[in-house]
Amino acid sequence: MDPLKQKFQEKSEALKIEIKSFLKEHGNQKVDEVTLKQVFGGMRGVKSMVWETSQLDPIDGIRFRGQSIPELRELLPKAEGGKEPLPEGLFWLMLVGELPTEAETKWLCDQWKNRSAVPDHTFKVLDALPKDCHPMTQLCIAVTSMQTDSIFSRRYSEGMNKNEYWDATYEDSMNLIARLPRISAYIYRRTYHNGDHIAPDFTLDWGANFAHMLGIKGEDFKSFMRLYLTIHADHEGGNASAHATHLVGSTLSDAYHSFTGGMHALAGPLHGLANQEVIKWIFKMLDSLGTRSPSKAQIAEYVNGTLANGQVIPGYGHAVLRQPDPRFIAQKRFSEEYIPDGEIIKVVWNCFEVIPEILKGLGKVKNPWPNVDAHSGAILVHYGLKEYSYYTVLFGVSRALGVLSSLCWSRALGFPLERPKSVTYSMIKKIVEEDISVKSQ
Ligand code: CMX
């Protein structure tokens, strides 16, 4: 058995036993109460799922196995001569809860190279799609087309013992993650570069090879991709892409189907698609103002116009966070170091100074601060990746690391089919009326 799988098996078996006896003793302990507002309000904050790989605090932001983004930038192994963390190291950390050594990270990097061959039919399926098919649609179709290779599906149909679900899920997850840069770069090159594809360079790590296959040159872009693919990887379990992956996976759909479910959720403008919407909104603003360096007063006027049109300001607000997103701050720090004079980056920074006050003034926005999507587009544009319809695919490649490592945990811990209870409005009214009548007696 490979060393990562071995570690995962030992840790997950121990936790499974512990949880079983913990539940036996404390199974009826209340962990939450649900209000009407939460039932109607997208289940905000309802504690109803176990997710081991990361945890989100409204003020401090995301922690991956307890480590913040600045800590990860220090602690995770780096590429030779590079300063940014390798996403391979983050996957190891999320899967087994230990910071990997340089050698372990190199082993994982080699594993993903060895597993990266994409079936021919996936390229044919992609080539059959119109070029103006949205890249997220292409990604979902490409991943689904690779389901033909699912080890979980094959072994399930052969009568796999349920104690082996985790093993088959691990194999599928490792293969899928290994292939994602290749299919995603293929989507980019066929959509925007006349199908002029670039072969993988197996001397490079996972993130740098992705940068290479996209055709964007330079060491700084490779560094940015390593950082980007690390910070977008996971945001605990309740966000739409993670929750969708978890829900689909709970039916024992394999990793390909489950991840595609997550990607369909990521493709929505209130979630991952916001990264394309941000830069689109910025360029529209610059066009309408007729300048590449608008004043803060001009930005404020444009923001008010967007709000008056009944639209949200993309890249701002969050369902959980109540402070500027540390993922935004990490990208700002990167830009301050590598691109201090970037024209569009300065627009993003000025927006950061203007937009929160305006959103606060509306009196209803719970978090007026920028989220992860507010910054990435300006950096990508700077490096020449200007086709913003593609941006959510980059987010998706990274998100695979978190949702698939969590899928492995769900199968290892034997989590059941997810099946919450829905209610009708009249049922809710009855609950409220009965409560009022009991209290008035
Ligand atoms: N611009 C304008 N209005 C906003 C807003 C924004 N950026 N963020 C929230 N609001 C509004 C909501 O639309 C809601 O208005 P109504 O009561 O009229 O419907 C009100 O403020 C309260 O919303 P909230 O409780 O603060 O926010 P939610 O938890 O409901 O929604 C989110 C969170 C992210 C969907 C929302 O802030 C938003 O639409 N932001 C813009 C899109 C975006 O950047 N999404 C990316 C999030 C990160 C990611 O997943 O990638």
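Since we're looking at a predicted model, the values are computed, not measured. Both ligands and their constituent atoms are indexed starting at 1 by order of listing.
- Proximity of the aromatic rings of Tyr188 and Tyr192 is defined here by a centroid distance below 6.0 angstrom, and this criterion is met.
- Between Arg44 and ligand 1 there is a heavy-atom distance shorter than 4.0 Å.
- Less than 4.0 angstrom separates some heavy atom of Asp373 from each of these atoms of ligand 1: 46 (C), 48 (C), 49 (C), 51 (O).
- Under 4.0 Å from ligand 1, heavy atoms of Ala319 appear from its side chain as well as its backbone.
- Both the backbone and the side chain of Val365 come within 4.0 Å of ligand 1, judged by heavy-atom distances.
- In this structure, of Gly315, Ser241, Gly268, Pro269, the residue bringing a heavy atom nearest to atom 44 (O) of ligand 1 is Gly315.
- Distances from ligand 1 to the non-hydrogen atoms of Leu362 include no value under 4.0 Å.
- Residue Asn239 places every heavy atom at 4.0 Å or more from ligand 1.
- Between the choices Asp325, Leu321, Asn371, Val312, the shortest heavy-atom distance to atom 2 (C) of ligand 1 belongs to Val312.
- Protein heavy atom in closest approach to atom 38 (C) of ligand 1: Tyr316 O, 3.9 Å.
- Counting only N and O atoms by type, the side chains of Ser241 and His271 include a donor and acceptor under 3.5 Å apart.
- Checked against the 6.0 Å centroid criterion, the rings of Phe328 and Trp369 do not qualify as a close aromatic pair.
- Residue Lys364 holds the heavy atom nearest to atom 15 (O) of ligand 1 of all those in Lys364, His318, His232.
- Of the candidates Val303, Val278, Val320, Ile313, Ile313 brings a heavy atom nearest to atom 1 (N) of ligand 1.
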